[in-house]
Protein chains: 2
Amino acid sequence: MSTDASEIYRRYIGAMVLHGLHAARSCGLGGTDLYALNLLDLNGPMTPGELSAQTGLTTGPTTRLIDRLEEAGFVRRTPSPDDRRKVIVELLAEPAPLAEALAPAREKLGDIFAGYSEEERRTLFDYFARATEALRP
Amino acid sequence: MSTDASEIYRRYIGAMVLHGLHAARSCGLGGTDLYALNLLDLNGPMTPGELSAQTGLTTGPTTRLIDRLEEAGFVRRTPSPDDRRKVIVELLAEPAPLAEALAPAREKLGDIFAGYSEEERRTLFDYFARATEALRP
DNA sequence: CGTAATCTCTTCCTCAACGAAGAGACTTCC
DNA sequence: GGAAGTCTCTTCGTTGAGGAAGAGATTACG
């Protein structure tokens with residue numbers, strides 16, 4: 001990994017984070033809200049207790065965090081079938097405001113992918129899958 | 001771009017953002033602070049006024065934002081040579097606390113890259129360069 | 001030369017998010 | 001069946017970030 005590649009890669013991570021934060025802002029989301037949404041996206045539905053553990057928040061703020069996300073239409077609360085104390089927080093399939101905010105960037109990225117061969121795309125997506133696992137906090 | 005690939009990619013973006021926010025927290029930085037740092041990294045040194053325009057903050061909070069970043073050792077203020085009203089905010093080459101927080105992830109990514117051929121790495125870095133440009137807010 | 005414009009920084013105020021502590025509902029275990 | 005433990009949610013007080021308005025220094029322009 002040359003110095004040049006490392007430089008490109010560092011800046012690329014910065015661009016991705018910036019992109020995510022920018023999209024979050026345009027939806028009126030704070031950093032913690034975005035953090036929670038990504039946790040739900042990556043790790044699947046979970047209880048408020050688990051979300052609280054993964055965000056590092058105590059239970060009070062976690063309840064209000066979920067309130068905000070639910071009110072904004074990003075997640076849904078459903079009662080747990082096997083333990084009536086518990087609640088399951090579930091990411092909705094298409095959070096409309098976020099999809100809208102991300103649409104222009106997605107289109108640009110789609111164009112970029114279209115320029116690669118089938119084999120090159122395979123390499124890219126193989127890397128994405130590995131990196132996603134490696135970067136999980 | 002198949003549905004499957006799109007899914008992988010979406011999760012990958014989420015992982016990157018999560019990774020950035022996680023690193024920022026471990027350095028005591030908020031979302032806005034991270035946003036500003038990435039702006040400085042991608043766009044180079046700039047005045048508080050420009051930073052204020054790009055973050056969307058008014059000038060008051062921007063001053064305090066720079067105060068925080070300077071105090072934490074991430075940036076440096078230097079007087080502008082050609083306009084004595086202005087200040088130039090500059091990202092320091094190696095913000096130690098951030099480098100430390102990112103080190104484990106970087107090592108993992110290094111291992112991943114080591115598994116690819118020279119040609120595959122070229123494809124990946126080509127994509128990084130294009131995507132960085134496309135995702136700039 | 002003097003007035004207007006520009007740039008950073010300070011001060012005061014507001015508001016949103018967090019932690020702590022405890023209530024209420026439910027489950028588990030003896 | 002009852003006591004202890006678990007889970008979510010509510011309330012109260014605190015803290016920190018952001019907006020508004022203006023001061024002070026410097027530059028630009030008539």
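Note: hydrogens, waters and symmetry copies are ignored here, and every other heavy atom, side chains too, is used.
To the nearest 0.5 Å, atom CG of residue B/Leu42 and atom CD of residue B/Glu133 are 9.0 Å apart.
Between A/Tyr127 and B/Tyr127, the distance separating the two ring centers is not shorter than 6.0 angstrom. For B/Tyr116 and B/Phe125, the distance between ring centers is not under 6.0 angstrom.
With sequence neighbours excluded, no residue forms a side chain to side chain contact (heavy atoms under 4.5 Å, CB included) with B/Pro104.
On the nucleic acid side, DNA chain C contacts chain A at distances under 4.0 Å to non-hydrogen atoms, with the end points of that region at C/dA17 to C/dT27.
Toward the 5' end of DNA chain D, the nearer of the two residues A/Arg64 and A/Arg25, judged by each one's closest nucleotide, is A/Arg64.
Separating the CD atom of B/Glu71 from the P atom of D/dA17 is a distance of 11 Å, rounded to the nearest angstrom. For the pair B/Ile66 CD1 and D/dA17 P, the computed distance is 15 Å after rounding to whole Å.
A heavy atom lying under 4.0 Å from DNA chain D marks the following residues of residues 39-63 of chain A, by number: A/Thr47, A/Pro48, A/Gly49, A/Thr59, A/Gly60, A/Thr63. A heavy atom closer than 4.0 Å to some atom of DNA chain D occurs in B/Asp83, B/Arg84, B/Arg85, these being the qualifying members of residues 77-90 of chain B.
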Would you give me the side-chain donor-acceptor pairs under 3.5 Å for residues 17-26 of chain B, sequence neighbours excluded?
from	atom 1	to	atom 2	distance (Å)
B/His22	ND1	A/Tyr35	OH	3.0
B/Arg25	NH1	A/Thr55	O	2.9
B/Ser26	OG	B/Ala23	O	2.7

Pair up each side-chain donor or acceptor in residues 71-79 of chain A with any protein partner under 3.5 Å, not counting sequence neighbours, and list the distances.
from	atom 1	to	atom 2	distance (Å)
A/Arg76	NH2	A/Glu90	OE1	3.2
A/Arg77	NH1	A/Asp67	OD1	3.0
A/Arg77	NH1	A/Glu70	OE1	2.7
A/Arg77	NH2	A/Thr63	O	3.3
A/Arg77	NH2	A/Asp67	OD1	2.9
A/Thr78	OG1	A/Ile88	O	3.4

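For B/Glu120 (side chain) and B/Ser117 (main-chain N/O), a donor-acceptor pair under 3.5 Å exists by modelled atom type.
A/Pro48 and A/Val87 make their closest contact through CD-O, 3.2 Å (heavy atoms, listed as atom of the first residue, atom of the second, distance).
Classification of the B/Phe113-B/Phe128 ring pair by plane angle, with boundaries at 30° and 60°, yields perpendicular.
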Would A/Arg122 and A/Asp126 count as a salt bridge (charged side-chain N to carboxylate O under 4.0 Å, His left out) here? Give the steps. CA-CA 6 Å; A/Arg122 239 196 317 276; A/Asp126 178 72; over 6 Å; no

